[in-house]
Amino acid sequence: MSLKTLITNSVDYNIWVTEQLINWLGNYPVELLQKECPSSFNSIAKTVKHISDTQLYWSSMIRETETPSFEYMATKVDIEHEMENLVNEAKLLAAYVKGNYEAMNDPLLIESEWFSSNFPKYEYLQHLIIHTTYHRGQIVTIGHHVGVSKAPMMDYNFWNVMRQQAG
């Protein structure tokens, strides 16, 4: 598999899985999404916001646009706004990657208050995908504790098999 195929599949999967997540959560009242439960981010809403914020952060790095500022541990979350941002940013990132896939091999120096790194952009994209996967799992677990159940299949291999069967 070529790097172009790998990163194209990654951003297409990211859009699909984000839509799966948002469509599932949209079936539940906001009150349940805001209900607290012990976790890294103690509600579904706060975890969605974290995913949205960090996706925006990494996307801005990859696209080399202005880095946004956000509240790391949000105290209040407009969940509908964050869900919309999450889908929109996934689509924006996909458009960039597909239109600039050769630049994804370029190293990008990032110096922040947390770390310094100089990796090819595709490695930051991989981190973004893995990071969101981790937190989607937390959302499913929080959901089991607060009454948000019946999570859809959000597995990469499921998406890949279904996509190939549909094609």
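Sequence positions, counted from 1, serve as the residue numbers for this chain.
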Partners meeting side-chain hydrogen bond (donor to acceptor under 3.5 Å, both in side chains) with T65 (sequence neighbours left out): none
Whether Y124 and W58 hold their rings parallel, tilted or perpendicular, with breakpoints at 30° and 60°: parallel
A45 backbone acceptor or donor facing E82 side chain under 3.5 Å: no
Separation of N105 CG from N100 CG (nearest 0.5 Å): 12.0 Å
Heavy-atom donor-acceptor pair, Q34 side chain to V77 backbone, under 3.5 Å: yes
Any donor-acceptor pair under 3.5 Å from K121 side chain to D106 backbone: no
Main-chain N/O of N14 paired to T18 side chain as donor or acceptor, under 3.5 Å: yes
Heavy-atom pair with the smallest gap, counting every atom of M61 and L108: O-CD2, 3.1 Å
Near-ring test H135/F41, centroid separation under 6.0 angstrom: yes
side-chain hydrogen bond (donor to acceptor under 3.5 Å, both in side chains) partners for S2, two or more places apart: T5
Aromatic plane relationship, W159 with Y156 - under 30° parallel, 30 to 60° tilted, over 60° perpendicular: tilted
Parallel, tilted or perpendicular: ring planes of W24 versus Y28, cut at 30 and 60 degrees: perpendicular
